[in-house]
Amino acid sequence: MTKMENVTGNTRFEKDKDWWRGAVIYQIYPRSYQDSNGDGIGDLGGIVQRLPYIASLGVDAIWISPFFTSPMKDFGYDVSDYCDVDPMFGTLADFDAVISTAHGLGIKVMIDLVLSHTSDQHPWFQQSKADKTNDKADWYVWADPQPDGTPPNNWLSIFGGSAWQWHGEREQYYMHNFLVSQPDLNFWAPQVQDALLDVARFWLKRGVDGFRLDTINFYMHDKELRSNPALPPEKRNATIAPSVNPYNHQEHLYSKNQPENLDFLRKLRAVMEPFNAAAVGEVGDAQRGLEIMGEYTAGDDLMQMCYAFEFLSGAKPNAAMFADVMTRVDESAADGWACWAYSNHDVVRHATRWDLSDNAKATFATLIMCLRGSACIYQGEELGLSEADVAFEDLQDPYGIEFWPKFKGRDGCRTPMAWEASNSNAGFSDAAKTWLPVSPDHMQKSVAQQEADPDALLHHYRRAIAFRRAHPALAKGAHDGVKHDGDVVYFTRKDGDETIFCAFNLSDTAATLAMPAGNWSTIGQDLGSTDVANDTTLHLEPWQPHFAVAV
């Protein structure tokens with residue numbers, strides 16, 4: 001196997017160009033994974049410490065949420081230096097240790113690039129805001145007020161209120177899709193695009209294997225600054241805070257989703273190609289998400305994957321929903337590739353969101369490993385962790401503080417990882433106080449306790465991931481369309497000479513399903529699959545899957 005050198009002089013393994021296709025990616029929220037220096041906050045050294053555990057899961061890659069220099073008003077999604085590590089998380093040398101350790105364990109490293117906006121503390125913004133004539137005057141989205149002094153248009157911030165903030169020095173408004181302290185970069189300026197492509201090069205040369213691209217469809221805005229139309233109430237289906245946030249009252253035709261964004265994505269893909277790096281783009285759009293996924297992942301010159309939100313919603317998915325979503329993907333993104341997730345750092349953990357039994361957690365875990373696309377696991381998901389109950393006085397998330405109590409924010413899914421039950425901080429930290437409190441409920445589902453229990457969900461996740469890796473049809477293969485019969489969702493995956501039939505009973509009652517014609521041999525017994533009683537009818541117990549390979 002040949003080696004390639006990165007900028008630090010460390011070797012990293014050469015990657016199959018399509019390593020991302022069907023990959024299982026483990027998301028790490030670094031603040032909450034492992035504290036290595038006793039300050040109550042997780043860090044890069046803690047990730048290094050826990051990488052052997054991650055390797056034991058059998059995943060292909062990790063995605064690390066932002067660790068760049070930041071004032072932390074949005075916990076790292078407000079970047080003030082794209083090319084350095086915030087001291088809270090360590091140093092560039094610590095990041096190099098993450099890369100070398102992960103690669104030594106056969107794990108690829110993806111990092112969360114936040115390109116649509118920066119912190120208002122970034123030197124670029126500090127210069128841009130000074131006047132209208134400096135070298136970076138047009139690096140952010142500035143606009144004159146309307147004649148009555150009001151903002152240029154009706155665009156709204158995701159965090160509430162107008163997306164425009166008045167700035168006295170320039171006597172103009174600047175745009176911020178998120179917090180006031182997160183001004184949006186102006187992608188219409190070629191120098192901005194070049195600077196951000198240089199950021200990507202910096203991390204690729206350090207050895208990263210790819211990027212998770214935050215809010216990928218927010219990069220470009222309408223050059224004419226046209227106001228968004230209203231969105232009818234029946235179409236307000238946003239994943240986060242759909243009822244309390246006025247952002248969900250608009251159809252965001254002009255503040256994001258601009259066709260010119262594709263030109264920048266092609267430039268970014270060209271930068272990534274020599275490194276065999278891959279990107280998964282987060283498409284933040286409740287109405288057009290799958291359509292945009294199809295646009296952004298079509299062909300070989302755009303993004304490899306887009307992060308899908310369909311199973312991050314509050315509605316517990318049933319067989320009909322899985323069939324509908326996958327059918328719409330086939331229609332909108334037949335040539336593209338989705339990256340599926342049930343939980344992440346922005347939504348209520350799915351064990352709570354869908355009120356899942358232990359059997360249901362296991363079956364959903366197995367199902368996501370069999371869908372066409374790649375799969376993302378959020379830290380603690382493999383333990384079946386529920387949403388933590390965080391008191392108002394302990395809240396850190398500005399989103400939750402703004403919309404409390406109807407929407408409690410994202411802190412409940414961001415509490416520290418539970419490694420053991422014997423420590424007051426569950427093995428996460430030796431500090432007297434952690435940045436968010438450890439959930440007492442999580443301690444009873446800690447890694448140490450589940451390692452000792454052969455029937456624990458943790459071991460089921462390992463078996464499901466191993467099953468996917470053992471069968472190329474499940475990781476990379478095509479499917480014949482996802483269908484459902486009552487509460488049973490079923491489909492066939494095929495790659496080369498391997499054809500696998502998959503069926504899942506997503507209910508609390510037994511079900512039957514007619515087997516497809518052909519000669520089949522049962523596989524996946526360690527995941528609950530059992531032999532078919534006869535050649536034509538499959539009997540499934542509640543929450544039971546079945547797998548068969550064509551012979």
Side-chain angles (χ1 to χ4, degrees), residues 18-27 59-61 63 108 110 112 210-217 237 239 257 261-262 265 269 278-313 315 317 319-344 346-347 350 364-378 381 464-465 468-469 472-484 489 491-495 502 504:
D18 289 333
W19 66 264
W20 52 270
R21 192 179 297 275
V24 179
I25 304 166
Y26 186 87
Q27 182 193 354
V59 301
D60 300 285
W63 147 29
K108 298 168 187 68
M110 306 180 78
D112 205 331
F211 305 111
R212 183 265 193 182
L213 298 170
D214 185 65
T215 59
I216 191 176
N217 55 317
N237 60 339
T239 301
N257 300 337
N261 200 27
L262 294 172
L265 297 182
R269 177 68 181 264
V280 52
E282 179 202 27
V283 176
D285 194 278
Q287 285 74 49
R288 293 186 55 225
L290 294 181
E291 177 186 341
I292 296 168
M293 176 199 297
E295 293 175 358
Y296 285 17
T297 62
D300 295 328
D301 61 346
L302 290 163
M303 299 297 94
Q304 288 89 347
M305 305 173 278
C306 273
Y307 191 72
F309 278 70
E310 277 60 33
F311 302 127
L312 292 167
S313 69
M321 179 179 174
F322 274 101
D324 175 66
V325 167
M326 299 304 289
T327 298
R328 288 190 287 122
V329 171
D330 290 342
E331 294 169 350
S332 301
D335 297 326
W337 197 258
C339 184
W340 301 109
Y342 295 148
S343 287
N344 67 19
D346 280 335
V347 299
H350 71 278
F364 277 121
T366 307
L367 174 53
I368 201 172
M369 295 301 159
C370 297
L371 294 176
R372 181 180 182 270
S374 300
C376 220
I377 299 170
Y378 178 53
E381 173 182 335
I465 294 168
R468 179 187 185 90
R469 296 190 75 172
L474 298 180
K476 300 179 184 292
H479 69 195
D480 64 346
V482 175
K483 311 168 189 70
H484 80 100
V489 61
F491 47 88
T492 299
R493 302 290 310 276
K494 180 177 176 60
D495 183 74
C502 308
F504 301 83

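The basis for the numbers below is simple: all heavy atoms, side chains too, and nothing from hydrogens, waters or symmetry mates.
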Taking the inter-plane angle between the rings of F491 and H479 on a 0 to 90° scale, is it parallel (under 30°), tilted (30 to 60°) or perpendicular (over 60°)?
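Correct class here is tilted.
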
Do [X] and [Y] have side-chain heavy atoms sitting under 4.5 Å apart?
| X | Y | value |
| --- | --- | --- |
| T297 | L302 | no |
| P317 | F364 | yes |
| Q304 | R269 | yes |
| N261 | E295 | no |
| I465 | I377 | yes |
| V280 | S374 | no |

Between [X] (side chain) and [Y] (backbone), is there a donor-acceptor pair under 3.5 Å?
| X | Y | result |
| --- | --- | --- |
| R212 | D112 | no |
| S343 | H350 | yes |
| D285 | R288 | yes |
| E282 | T215 | yes |

Quick check: F311 with F322 (ring centres under 6.0 Å apart)?
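Under 6.0 Å, so yes.
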
Determine the minimum heavy-atom distance between V482 and A323, stating which atoms define it.
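Looks like O-CB, 3.6 Å.
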
Closest approach of C370 and F504, non-hydrogen atoms and distance?
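Scanning both residues, the minimum pair turns out to be SG-CZ, 3.9 Å.
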
Checking R372 against D330 for the salt bridge (Lys or Arg N to Asp or Glu O under 4.0 Å) test, could you report, in this order, the C-alpha distance in whole Å, the side-chain angles of both residues, the deciding distance, and whether it holds?
CA-CA 10 Å; R372 181 180 182 270; D330 290 342; 5.1 Å; no

Among residues at least two apart in sequence or on other chains, which ones pass ring pair (Phe, Tyr, Trp, His ring centres under 6.0 Å) with Y307?
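Checked Y307 against ring pair (Phe, Tyr, Trp, His ring centres under 6.0 Å); matches are W63, F309.
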
